[in-house]
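Here is how names work: the chains are called A, B, and so on, in the same order as the sequence lines, proteins then strands, and each is numbered from 1.
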Amino acid sequence: MSSHYEAPIREPLVTGDKSYHDISVDVGAPILGRANKSWYIVFTIALLAFLWGVGCIIYTISTGIGVWGLNKTIGWAWDITNFVWWVGIGHAGTLISAVLLLFRQKWRMAVNRSAEAMTIFAVMQAGLFPIIHMGRPWLAYWVLPIPNQFGSLWVNFNSPLLWDVFAISTYLSVSLVFWWTGLLPDFAMIRDRAKRPFDKKIYKLLSFGWSGTPKDWQRFEEVSLVLAGLATPLVLSVHTTVSFDFATSIVPGWHSTIFPPYFVAGAIFSGFAMVQTLLIVMRKVSNLEDYITILHIEYMNKVILLTGGIVTVAYAIEFFIGWYSGTPYENYTYLSWGAATGDYWWAFWALITCNLIVPLTLWVKKLRRNIVWTFIVALIINIGMWFERFDIIVLDLHRGRTPSSWAMFSPTFVDVGVFIGTIGFFFVLFLLYARTFPVIAQAELKTILKSSGESFKKLRAREGDDVAHHVDNDPTAKSPSTNKEGEYFGHLQTEEKNHHDDTVHPGAILDTELKRDKVDSMLDRIGHFHPDKEEQDDLSKLTHAGPNIVKDLHQLGIYKFYQVANMEAKDYQLLDSLLMNFNNRAEEHKWAEEAEEQKNK
Amino acid sequence: MSANKKYWKSGEQLKDDSPIMNKLEQNEFTEEIPTDEFLGDKESLESSKTSRRDFLKYVGFSTAAASLASCEGPVMKSVPYVNQPERIVPGMANYYATSIADGHDFASILVKTREARPIRVDNNYEDKTTGANARVHASVLSLYDKNRLQAPLIKGEESSWEKLDKEVTQKLKNTSGEIAILTPTLASPATLKMIDEFSSKMGNVRHVVYDAVSEDGALNAFQALFGTRALPSYHFEDAETIVSVGADFLGDWQGGHHDMGYARSRVPKNGKMSRHIQFEANLTMSGSKADKRVLAKPSEQKKILSALYNYVSGGSSSSDLDAKLDDVVVKAARQLKKAGSKAIVTTGLPSQEAQLLAFKINESLGSEIFDTDNPRYIRQGNTKAVQRLVKDMKSGRVSGLMISGVNPAYSLPNGKEFKKAFKNLDFSLAFSMKEDETAKLCDYIATTPHFLESWGDVRFSKKLYSLMQPTIRPIFDTRQMQESMMTWMGKGGSYMTFIRKAWEPVLDNQSWNETLHDGVFTASGAPSFKPEGDTSGTQMSSSASSAMTNLMKGTSSKNDFELCLYTKVSLGDGKQANNPWLQEMPDPITRTTWDNYITISKKDADKMELENHHVSNGALNGDYVSLKVGDVELKKVPVIVQPGQAPGSIGLALGYGQKAGIQEEMQTGVNAFPVYKDFSSVQPATIKKVDGEHEFACTQLQNTMAGRDIIKETDLETFITEEKEEWNAVPKVSYDHNETSVRSGKVDLWQSFDHSVGPHFNLSIDLNACTGCGACVIACHAENNVPVVGKEEVRKFRDMHWLRIDRYYSSEEDFDKEKESQENRGAFDTYEDVETAEYTNPQVAFQPVMCQHCDHAPCETVCPVAAITHGRQGQNQMIYNRCVGTRYCANNCPYKVRRFNWFLYNENEEFDYHMNNDLGRMVLNPDVTVRSRGVMEKCSMCIQLTQEVILDAKKEGRPVEDDEFYTACSLACDKGAMEFGDVNNKNDAINDYVEDDRKYRLLESLGTEPNVLYQTIVRNTEEV
């Protein structure tokens, strides 16, 4: 069991006394439970925002881009700002799931599912803008290199915009596949726990027939690794390509060689900020505080500190080089004295404050581990990173090379409406996701429970690395789960009539209803174990009752000597038929008598 | 021979009376046709297999056929010619030489027609002195004005010509008092002859000539000195020293047309160019071009003119000017004297005394520039006669009034009085194209055609004549004034024959057809011109001393502002106010469209707490003032703080604020004519700030170059003495750690295009010759179907001009100092000092900018769908059909010349300009696509024109001639500032410009390799 070892000084990644079963229940609760009022309120607001956005998009497409605030000088503003912002947000997911997987960062397991979901939803929002910002969006397919009826007409491979199309679509599809792959065992878990036939059917379809055999797991691991390898370069390539939209141009302020790395860092910066924003809310709402712990939040804050630092250095370099070049054309780039003192001073200072000054507070450990402060900082970074893109696009464009064409931009209600619409759309998707998807990669999380679970750490600290001890405390045989009722998710199905004792492991021995009924009738005869009232007896004191046999007995619900003492011949036969290697040892060794003795001791 | 042969099918035929044959003769078929089997009786049908499947087939087919038949193809309105008209070949343009003479603009022009409809006005280069300005270029759109009247009107009701003729003849006969004919300057010998005949026939007819914007002072002075009521000609092209005291001779001063000669004198040749000193209050185009511009209010201008007279003519050697100004005047006088006969003094002061003094100065200089032998007749207005007419109308002495081509109810300073006097008239008739303010008052409107539908003649000057011919059949039921007069006089024949007859003595053996073809005609020794209209009471003394004393009289009180009224190059006197091209044409100085406004100096604005500020989308807002001149008050006039405005003076453009007969969108600005008292462009005025904020629509709001190398400048001395590298250095960039010229070809990532086959076009723009007049802007609109977007959209920086004329003010005293200040700026100083124009008296520079057609175009590489391609001939080609509208190209264009179709600008009620009605769309050039919404557009270097030239040459089996290529802008520029040509043809004139030392390319350091060149500005700063 050395693989389960983790240095005790490391903080646990799963807090609370969690068993494997608890994880299943906790993760399944939001899906199998029923949403409460506040979910519906939030969802309605998001839906309304989304519909408002749809209205604005329809208005734009039917009337013309002129309904936005753009002009002859500033050809992009909120549209591409939002695009880059959303793409940037979409960076954390892949980083967490791919890069951190390769680096074997176990803490990713609690957050990767939601981060990936966020990635996919964010990229979907992002993908919207390059389409609707076109003057003739109905011809958007022309940017794809597809055979056409126009003879030799082909796309322009020199254009960074074209590479954007490739980068975004590749990113979206790889992220989607990666996400889904990770979801398979979890969907299967939901499938197995779902009670309503409709749910069962849907999750059956979604889980692609996952059966949980070792072969399944082996392939699962292999695919995950391959996809992680594939996705890792994408983390770098997507925002690099997005940055080419600017870096390869000759607009002062855009034409900058540090854009690719700086954009990637900025994207991760904003992506983690968004993960923080979402998860800090979700861990509370979905009762996942034990899985997404303050440690996770701190880790992510550290990533934010790192990437934020990179971004800060990039800002400083941009500012310095612009000034150092001595060319007047650089005077008004988005990081320049001209920007700081010009008409858009507020946008400049918003960027500096939100991305540079406020995140510095995370150097303080207390603040880094303060959930409220983290949430505030994350929100501020989200705003700051929006301003960064706005500054890059609008500030650099508004003072181009020919001063006669200098202009200003001011958004219309449609600009704002479309943006709000995408936020609404994003939350519609995310809220639906939170209700229908296992929001934590429970299958993966279970693999670190023994090494990083709080209770196991405590146990190990108390008991040492005793093998037998671990067997004794096999979590599958542990007491019933404690965290079934979330604050926000009432339970519908768990209340349903359940004839079977919860302590019975559902999958291992009793794989048919018939067997279950037999065991139940046996327990009715010999007596039930009540874990909340009674202490279990050490059944290994019985002759030839090794650890495996004890475990099996536990699984069948036999914990007490008095139960064994009550057993009759037909119960022995039942045990023989159910348990492999039992070989009639109970009768042979007169367990009933031994148990009677022990019971009375 | 073979006829007897008989062919047979069976032996039976050979028998004479075969029963089988008989039977066959009766029945076509020998056996019964099994029709039952085929059609089927009920039984067989039931057994037949065809029933269901075939039924479905039939149903399917018949449904499809029925639905197809019910779809109607779109009805196209093009009707083919039944008989091919002579000389009209579909797809081929026809050109007609004609003239415009609307009383304000006189020009000899060429009109391009396609399928018998005029689509473009060009200069007629047969004559080099009467070029077409922006308004003349735009006049073709006024032809297709949907607000034109379509039939004669009697008391506001549409009527017929028969009825109108009947009633008018009756009225003419019965009117007891005098009948007055009120016209603008006609300068038309035939019409004058016609009016003469008319008055002799009718008796008691008075012809009054009324120019809305008067040149009365100059006319009176000229008459006093030289005997004819005319204006002198000026040969600016030969000028060495030009001193202008408040004359915007590059604008509409004395009828215009001085810019061509001036521009020629400004291009340094053999190290020489003219020196231009301008004393003025408003910042004008002339002041912008001047080598030395001195601020002087009109009251100071009077003193300057007197002092100048004294210094030049050797009179008094001192003046009452302050020392600084006196010094400038002394130097100017010295320079004038040095140039001698090559010197010229002009003045824009409205008084006849001032004009007389200027003429006297020129006379005493012996100026050859000042030409009195060939006086110009394009201004004849007589203000005294007009005032008398109003008086006589009031008194009832004049009881009939016929008005043609003027709108006194709008443009008379005492318009209200005039309107009141109208009530005393027995008979009033307007020859008008529109139901304007005056026509509305008239009982009859004899609807007239546009000049492009009319016959006519013009006499520009003593020697220069021009003919006007229709270029299209009258679109509406209209009739020219002259034709109407002929009808009412009972005179037969057409006006055309009348002109022909009238021209017989003038033509002097030259064929009529040839003259008509050429458009212009230079007479050798024609009879002198009889002044138009009623010229009584315009005498004045020709003595200079009395002029000087009179000039100084009545100087206004110190508290008043001196209001300088002017006309804009776009709207002029307002005759074409309903022309959206002109409304949207930016003013060359303020770059403001769709408006007039008071221009005020920064100093005065600060004092009065008047402000201009930018709103969040960057557009300009300004305060309102109420303007009071005497007892007339204009409420709510917007104010623009104008750099270079002389403190104590304010400017305001005439021609705006029309309300009647024009579309609501074009009812822009404030009518300034009520303060044009006594037809004097200078008025004492007071202004008071009032509430409210005006929204301006400017196309350029950054007024300075912010120390950048956009327009290159040098002075004449440096230009002559220094190496080219000193004043026109080629930008260098680091290559292999060596400073390498961007023209070396080394510092280049791209492969060059092969331009060796066929033509390779370059366009050279001489910034010295460009006066910023904007004729090219309008010509480009006409040629390329550039849409008009309206005031609100211009305000949002969405104007669609393919060609713009940037105007920069210096932020320091001059542009050199500005650059210095930019270079020496501290690291943490704001950019305000280089961004803000020098308000007192900045240097000004104009720069026309269109697509630069870069050989290494930044726009081409970034388009994802390759909608921008590079032509072999050097053009950067925008493929509208392919464009999906990402606007990336526009962002990446360093020159910001690409224009996006934010909306659908044609057939869209939101943009109710000429492209929204069938009539207005007739002006569209069929050779150029009308762009749809969502696509990018830009200057194409008029590829349709260059291709036409190539194809014409091909058809005629000849090589393209030297200098045969042109673009709409290069053709429109009569200053010669734009030269277009093929650099592959070594004989083409463009090569001289490519080789010129003054040549530079805009933002050359970027390596975009534009095919548009600029010629450095050279200023003659030399003081003597």
Side-chain angles (χ1 to χ4, degrees), chain A residues 63-76 130 133-137 139-140 142-143 150 153-156 158-162 164-165 245 248-252 254 323 326-329 331-332 337-338 341-343 393 397-410, chain B residues 614-619 700-702 704-708 710 793 796-799 804 806-808 822 827-832 834 847 849 858 861-866 882-888 890-892 894-896 898-904 932-936 1002-1003 1006 1008:
Chain A
T63 311
I65 299 293
V67 301
W68 296 356
L70 302 171
N71 55 49
K72 64 181 177 188
T73 304
I74 301 164
W76 293 342
H133 99 293
M134 288 182 184
R136 305 199 289 173
L139 300 176
W142 282 1
V143 301
F150 310 115
L153 212 44
W154 207 232
V155 292
N156 179 8
N158 286 330
S159 171
L161 273 193
L162 184 77
D164 251 12
V165 173
D245 288 347
T248 63
S249 77
I250 58 165
V251 178
W254 285 10
W323 169 78
T327 151
Y329 300 107
N331 281 352
Y332 306 89
W337 194 240
T341 58
D343 292 331
I393 292 167
L397 283 177
H398 95 295
R399 297 217 157 158
R401 290 180 197 267
T402 41
S404 66
S405 303
W406 287 2
M408 293 278 287
F409 168 85
S410 129
Chain B
H614 297 265
V615 295
S616 65
N617 69 355
Q700 177 188 355
L701 283 168
Q702 174 53 37
T704 73
M705 279 187 272
R708 300 179 176 192
I710 306 288
E793 288 295 297
K796 290 177 184 159
F797 299 98
R798 288 181 187 162
D799 56 287
R804 61 173 200 260
D806 289 344
R807 180 270 303 125
Y808 291 111
Q822 156 66 23
F828 293 104
D829 292 344
T830 63
Y831 293 93
E832 216 179 331
V834 284
Q847 183 181 41
V849 181
T861 51
V862 297
C863 177
V865 292
R882 178 65 171 166
C883 178
V884 297
T886 66
R887 301 183 296 287
Y888 197 173
N891 288 340
N892 208 24
Y895 311 102
K896 290 281 172 277
R898 306 183 69 90
R899 300 285 177 264
F900 187 67
N901 284 269
W902 301 101
F903 295 103
L904 185 67
S932 180
R933 88 166 161 91
V935 304
M936 195 58 81
L1002 191 51
L1003 300 173
L1006 291 175
T1008 50

Options [options], ranked by heavy-atom pairs under 4.5 Å with chain B, top entry:
| options | answer |
| --- | --- |
| A:G64, A:S410, A:A140, A:S404 | A:S404 |
| A:W323, A:W254, A:W142 | A:W142 |
| A:G342, A:S159, A:G338 | A:S159 |
| A:H398, A:H133, A:M408, A:R136 | A:R136 |
| A:L162, A:V67, A:T248, A:D245 | A:D245 |

Pairwise distance [atom1]([X]) to [atom2]([Y]) - rounded to 0.5 angstrom:
| X | Y | atom1 | atom2 | result |
| --- | --- | --- | --- | --- |
| B:F797 | A:T73 | CZ | OG1 | 7.0 Å |
| A:L139 | B:R882 | CG | CZ | 9.0 Å |
| B:R898 | A:S405 | CZ | OG | 13.5 Å |

* Just by distance, do the side chain of A:N156 and the backbone of B:C863 share a donor-acceptor pair under 3.5 Å? -> yes
* Might you point out which heavy atoms bring B:G707 and A:P328 nearest each other, and give the distance in Å? => O-CG, 4.2 Å
Under 4.5 Å heavy-atom distance to chain A, tell me which part of [X] shows up: side chain, backbone, both or neither.
| X | value |
| --- | --- |
| B:T704 | backbone |
| B:R899 | side chain |
| B:K896 | both |
| B:R807 | neither |
| B:D829 | backbone |

Find out whether [X] and [Y] are in side-chain contact, i.e. whether some heavy atom of one side chain is under 4.5 Å from a heavy atom of the other.
| X | Y | answer |
| --- | --- | --- |
| B:R887 | A:L70 | yes |
| A:V165 | B:P864 | no |
| B:N617 | A:N71 | no |
| A:T402 | B:R804 | yes |

* Asked: Which residues satisfy the ring pair (Phe, Tyr, Trp, His ring centres under 6.0 Å) test with B:F900, sequence neighbours excluded?
  -> B:W902
* Asked: Where on A:Y329 is there a heavy atom nearer than 4.5 Å to chain B: the side chain, the backbone, both, or neither?
  -> both
* Asked: Considering only heavy atoms, which portion of A:W154 lies under 4.5 Å from any heavy atom of chain B: side chain, backbone, both, or neither?
  -> backbone
* **Ring centres under 6.0 angstrom apart (A:W76, B:Y888)** => yes
Option in [options] with maximal non-hydrogen atom pairs under 4.5 Å from chain A:
| options | answer |
| --- | --- |
| B:D806, B:V935, B:T861 | B:T861 |
| B:D799, B:L701, B:L904, B:V615 | B:D799 |
| B:N891, B:T886, B:V834, B:T1008 | B:N891 |
| B:Q700, B:R708, B:M705, B:Q702 | B:R708 |

